[in-house]
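A short write-up of the structure that comes next.
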Amino acid sequence: MIRIHLTAADLARVRFAPRPAPLLELNTALLTLGHPGGALRYGPWRERLLHRLPRAAEPLLDLVPAGVAPSFLDVFSDDLGAGLDAPRATPAPLVRAELARVYAAAPGPPPPWVRDLHRGDATGWQVLHRAQRAAFDTVIGPVWSLVQEMHQAEFARHALTAAEAGVGAALTAAVPGSVLHADGWELPAPHHLELRPAGRGLALLPTFHWPGHPLVADPPDPDQPLYVTYPAGPGIPLTPTAAGGSDTALAAVLGRTRHRALLLLADAHTTGDLARRLGVSAATASAHAAALRGAGLISTARTGRAVLHRRTPLGTLLAARHQGAAPAAPVPVARPRPPTDGTPPPGRTAR
């Protein structure tokens, strides 16, 4: 369990990052890449990436000789260029201390470029910069636009929860299984850790490449908050092939009408709106929506007297690479105006 002791000042400084952090997403992807769990979901993804990683990225392995990374790799900037430059700004004593810590249990001595880092030589930092850039371009770059889109949806979801139910509800919704007490926030984890932000507050960031427990970073800089990274998204690897594929292939899996519905539901539609756009009856549109909802591709919610359907992050994952508008619907046969509340909203499901 991770217990974060919160003061009133900390709660007043809780925020959700409005944009994803490129190097944080890289770090969590590399953590998943080296983690033995989830072979069914992540095995093919791991094998594919291990074959694609260029030699320029290999020095990153030298910084986790015993499975633990130095803290100066924890970079939360939402700008890739600034993030790549950030480790070099780490105070030299902290760099030396962190390298000594991660190599304390290492089976052998550090390679020459890591010794350069320890001395503060520019050559070592250049090796690290090239390695991080090469790894990002290979692992995260191909799906970065999807990460940005999913992060935006996650940010909007928690902003709405905080506005409607308060910050506490947003915190526990972000991390299922967590508990907010009067003096702290308990997060599920396989280890025990006690943290005290002491008025610095919390910054929460979702990651779409790590399916495990929440990750916490406590920077030594007193002006920075305590960072909580939590798993989000569909729980499957984000890959161009998983996110894309041809319209024909996706339509073959879903059926052409459901495929068109999935593309249309990038924006919210009532059952009646969807029926008219698809050129089908309200009952048929309701059945298609139920099937897509059952697969986790859309969500349904009641707003006043209307029932609105909208794509979920998983639905976006499948449809994101299909650019352009949905195919035009056939002209429907004249019929009475269908009702706009064809299906009741489902019960909330745990994420």
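For the atom pair His35 NE2 and Thr28 OG1, the distance stands at 13.0 Å (nearest 0.5 Å). Considering CG of Leu264 and CZ of Arg258, their distance stands at 15.0 Å, rounded to 0.5 Å. One finds the CG atom of Leu26 at 7.0 Å from the CG atom of Leu60 (value rounded to the nearest 0.5 Å).
Val75 is connected to Phe208 through a chain of hydrophobic side-chain contacts under 4.5 Å among Ile, Leu, Val, Met, Phe, Trp and Tyr, so both are in one cluster. Both Ile140 and Leu73 are assigned to one and the same hydrophobic cluster, defined by single-linkage of ILVMFWY side chains at heavy-atom distances under 4.5 Å.
The closest side-chain heavy-atom distance from Pro110 to Arg115 is below 4.5 Å. Considering only heavy atoms from C-beta on, Pro225 stays 4.5 Å or farther from Leu202 through its side chain.
Checked by atom type, the side-chain pair His51/Glu47 shows no donor-acceptor distance below 3.5 Å. Defined by atom type and a distance below 3.5 Å, a donor-acceptor pair is present between the side-chain atoms of Asp273 and Thr270.
Using a distance-only test at 3.5 Å, with no hydrogens or angles considered, no donor-acceptor pair links the side chain of Asp121 to the main chain of Thr123. In this structure a side-chain-to-backbone donor-acceptor pair under 3.5 Å is present from Asp10 to Arg200.
Nearest approach of Leu63 to Pro70, heavy atoms of both residues: O-CD, 3.1 Å. Nearest heavy-atom pair across Pro65 and Pro107 is O-CD, 4.1 Å. Closest approach of Leu171 and Trp185 over heavy atoms only: O-CZ2, 3.3 Å. Looking at every heavy atom in both residues, Ile298 comes nearest to Ala289 through CD1-O, 3.4 Å.
Take Tyr227 and apply the ring-ring contact (aromatic ring centres under 6.0 Å, His included) test, not counting sequence neighbours, and it matches Phe76.
Using a 4.0 Å cut-off between a side-chain N of Lys or Arg and a carboxylate O of Asp or Glu, Arg3 and Asp183 qualify as a salt bridge. Under the 4.0 Å criterion applied to side-chain N and carboxylate O atoms, Asp116 and Arg119 are assigned as salt-bridge partners.
For CD of Gln152, the number of neighbouring non-hydrogen atoms (other residues, nucleotides, ligands) closer than 6.0 Å is 12 at most.
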